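All figures in this text were calculated on a predicted structure; none of them were measured in a lab.
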Amino acid sequence: MQNFTEIHFFEMILRTTIAFIAILILARVIGKKQISQFTFFHYATGITFGSIAAEISSKADGAYWDGITGLVWWTVLTMFVSYITLRSKKIRVLIDDKPMILIKNGVIMDTALKKSRLHEDELTMLLREQSIFSLDEVHYAIFETNGELSVLKKPAYSSATKEDAKADVSIPPYVPTEIISNGKIISESLKEVGLTEEWVMTKLRKKKVQKLEDVYFAQVLENGSLYISLRNDGGKTSN
């Protein structure tokens, strides 16, 4: 009895491990779009993937390779559908639907609201999620294929930009990038932003940081300055 229990235990461990690896590989094959769940199709596919993997892992009396085959075939079908939706707009609309304008020029489009199977309370809830409590602020509202609401406010209620305020709108020279992690320089990140280790050490010395190992985290900021968080003492400096 004990041997049977041990065999069953290790079988479940093996099944779960293989299912886990299969999910990682197949998710990589399908790509980021599936992970982001852009549409209902991607959402349904993600749930199905999880369900099949759970069946493979938990059903010891089931045909194991049947589950793996189903998982792989579902991946093939998903990639095929993604391919044909890229090639054909009509099929893309058929599978993914299309964005629906719910508010146009400040007016609620009741027909579009019904087609989207939404009522007024749900529309106002979606607006409140974007901190919009008054419909009078909305110029356009578009119900996206992933169930989210994109809103264009009326000019009077739009946030002022730097250009509106005549502030500096020049393009920053850097993208905020982590260059030190746990006392070690990340060489690939330095290359991406076009900086050198000598530049980093010069910046550190200016802040009286003598040892690279003392730095827990450092990030190049947009303006070329360096954010530094030291190890243990919680000190934060920037230059």
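- To the nearest 0.5 Å, atoms CG (Leu226) and OG1 (Thr202) are separated by 11.0 Å.
- The line from CG of Leu102 to CE of Met109 is 9.5 Å long, rounded to the nearest 0.5 Å.
- Contact annotation: the side chain of Val200 never approaches that of Leu195 to less than 4.5 Å [non-hydrogen atoms, C-beta and beyond].
- Counting heavy atoms from C-beta on, the side chains of Leu127 and Val151 come closer than 4.5 Å.
- Pairing each heavy atom of Ile84 with each of Ile91, the nearest pair is CD1-CG2, 3.9 Å.
- Taking 4.5 Å as the limit, every side-chain heavy atom of Ile103 sits out of range of all side-chain heavy atoms of His139.
- Hydrophobic clustering (side-chain heavy atoms under 4.5 Å, transitive across Ile, Leu, Val, Met, Phe, Trp, Tyr) groups Leu152 together with Ile142.
- Annotation: Tyr216, atom OH; neighbour count of heavy atoms from other residues, nucleotides and ligands within 6.0 Å does not exceed 12.
- Tyr140 OH to Ser150 OG: the interatomic distance, rounded to the nearest 0.5 Å, is 14.0 Å.
- Contact of the Leu149 side chain with the Glu144 side chain is not registered, since no non-hydrogen atoms from C-beta on lie closer than 4.5 Å.
- Separation of atoms CD1 (Ile180) and CD (Glu213) is listed at 10.0 Å; rounding is to 0.5 Å.
- A donor-acceptor distance shorter than 3.5 angstrom exists from the side chain of Thr177 to the backbone of Val175, with no hydrogens or angles considered.
- By the 4.5 Å heavy-atom criterion applied to side chains, Leu204 and Trp199 are not counted as neighbours.
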Using the rule given for side-chain contact (heavy atoms from CB on, under 4.5 Å), can you reason through Val138 versus Ile132, listing the C-alpha separation, both sets of side-chain angles and the distance that settles it, and then say yes or no? CA-CA 8 Å; Val138 181; Ile132 299 174; 3.9 Å; yes

Please report the C-alpha distance between Ser229 and Gln219 in whole Å, then the side-chain angles of each, then the deciding distance to 0.1 Å, and finally whether the side-chain contact (heavy atoms from CB on, under 4.5 Å) criterion is met. CA-CA 9 Å; Ser229 181; Gln219 181 185 51; over 6 Å; no

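- Nearest heavy atom pair, residue Tyr227 against residue Leu221, reads CB-CD2, 4.0 Å.
- Note on residues 109-136: pairs passing salt bridge (charged side-chain N to carboxylate O under 4.0 Å, His left out), not counting sequence neighbours, are Asp136-Lys154.
- Put simply, CD on Glu137 and CD on Gln130 are 11.5 Å apart, with the number rounded to the nearest 0.5 Å.
- Across all non-hydrogen atoms, the minimal contact from Asn223 to Tyr174 is C-CD1, 4.4 Å.
- Among all heavy-atom pairs drawn from Leu126 and Gly147, the shortest one is CD2-O, 4.4 Å.
- Pairing each heavy atom of Ser181 with each of Ile186, the nearest pair is CB-CD1, 3.9 Å.
- The distance from atom NZ of Lys153 to atom OG of Ser158, rounded to the nearest 0.5 Å, is 7.0 Å.
- Nearest heavy-atom pair, Ile101 versus Ala112, reported as atom, atom and distance to 0.1 Å: O-CB, 3.2 Å.
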